[in-house]
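Chain letters run A, B, ... following the sequence lines, proteins first, then strands; residues in each count from 1.
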Amino acid sequence: DGGITQSPKYLFRKEGQNVTLSCEQNLNHDAMYWYRQDPGQGLRLIYYSQIVNDFQKGDIAEGYSVSREKKESFPLTVTSAQKNPTAFYLCASSTGDRPHEQYFGPGTRLTVT
Amino acid sequence: AQSVAQPEDQVNVAEGNPLTVKCTYSVSGNPYLFWYVQYPNRGLQFLLKYITGDNLVKGSYGFEAEFNKSQTSFHLKKPSALVSDSALYFCAVRAPYSSASKIIFGSGTRLSIRP
């Protein structure tokens, strides 16, 4: 998982609560990404950031928010507006010139009841 | 629109036998193709990529993949499977000149190697 940490590994929340997932990297990568993984669906891109203080929506951004105040950190907030938040969340990073070689963190499994 | 398909949810192989995990893609222009592996409750690890050049690409852990433009395929192969190869494998595609956000992942194939 080389240089990307996600915490916590497991997270439990009650419906209606916002929750923030942490992602930190020490690879000096410019770009960072958040994906959601559901069984049988592969990975879907939530948000990505190519540079500090800038980020773009991915394919399924509704109900999520992010910030990129530091190069090393890209936290994801799952808001109460996300209709089906229970999933495995993966953070990744890459260099600017090789965005296709993404390094992934170990993931956070979020369960909302 | 670009897409990638992994037609098999699960592949079962005996240890020592060759393995193939299938992937087909649809993209305009010459694609960038990738394979990633995911072990239980872990993030994905990059295995190999095809950007240009030789159609046979070699990657980590003895895996290789063959790009076949006429069949729009990028199957993952290994001559002799190990039990430790058991994991979830994802094929991914990116159209040339698109942004990093346009990497599309397949739904994954679970590879199970029996001793």
Side-chain angles (χ1 to χ4, degrees), chain A residues 1-10 21 23-25 27 29-51 54-61 66 88-110, chain B residues 1-10 21-25 27 29-52 57 59-60 65 67 74 87-110:
Chain A
D1 302 318
I4 300 184
T5 57
Q6 290 184 245
S7 60
K9 194 171 178 68
Y10 299 96
L21 281 59
C23 177
E24 305 277 332
Q25 54 100 358
L27 300 168
H29 285 170
D30 290 312
M32 296 186 75
Y33 315 83
W34 273 106
Y35 292 92
R36 172 184 170 132
Q37 184 178 14
D38 295 285
Q41 291 196 43
L43 276 67
R44 293 182 289 169
L45 183 67
I46 304 172
Y47 268 98
Y48 69 104
S49 168
Q50 293 179 302
I51 197 167
D54 188 45
F55 49 83
Q56 284 80 39
K57 293 181 180 179
D59 297 322
I60 55 164
V66 293
F88 190 50
Y89 290 88
L90 287 162
C91 179
S93 69
S94 69
T95 60
D97 59 346
R98 301 173 85 171
H100 45 270
E101 287 190 35
Q102 297 184 10
Y103 292 78
F104 283 79
T108 293
R109 188 167 297 280
L110 173 64
Chain B
Q2 62 190 56
S3 65
V4 60
Q6 294 180 243
E8 301 156 316
D9 289 335
Q10 174 125 6
V21 183
K22 295 179 181 176
C23 172
T24 58
Y25 66 89
V27 69
N30 295 318
Y32 298 170
L33 294 156
F34 319 97
W35 276 100
Y36 285 82
V37 59
Q38 184 180 32
Y39 297 100
N41 294 313
R42 303 289 295 276
L44 276 67
Q45 296 178 29
F46 177 79
L47 267 185
L48 52 79
K49 67 182 177 189
Y50 171 82
I51 305 295
T52 187
V57 178
S60 307
F67 171 60
F74 189 56
L88 188 57
Y89 290 80
F90 290 95
C91 183
V93 65
R94 176 187 162 210
Y97 311 116
S98 67
S99 73
S101 68
K102 297 303 180 186
I103 294 177
I104 304 298
F105 287 85
S107 56
T109 297
R110 188 164 300 282

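- Taking the side chain as every heavy atom from C-beta outward, Leu44(B) and Leu43(A) approach each other to under 4.5 Å.
- Neither the backbone nor the side chain of Tyr89(A) comes within contact range of chain B; no heavy atom of the residue lies under 4.5 Å from a heavy atom of that chain.
- Looking at Tyr39(B), neither its backbone nor its side chain comes within 4.5 Å of chain A, counting heavy atoms on both sides.
- Ranked by heavy-atom pairs shorter than 4.5 Å toward chain B, the options Gln56(A), Lys9(A), Glu101(A) are led by Glu101(A).
- The two residues Gln102(A) and Tyr36(B) make their nearest non-hydrogen contact at N-OH, 3.0 Å.
- Contacts between Arg44(A) and chain B at a heavy-atom distance below 4.5 Å are absent for every atom of the residue.
- Scanning both residues, Phe90(B) and Gln37(A), for their nearest heavy atoms gives CZ-NE2, 3.2 Å.
- In summary, the aromatic rings of Tyr35(A) and Phe105(B) are positioned with their centroids under 6.0 Å apart.
- Considering all non-hydrogen atoms of both residues, Phe88(A) and Gln38(B) come closest at CE2-NE2, 3.6 Å.
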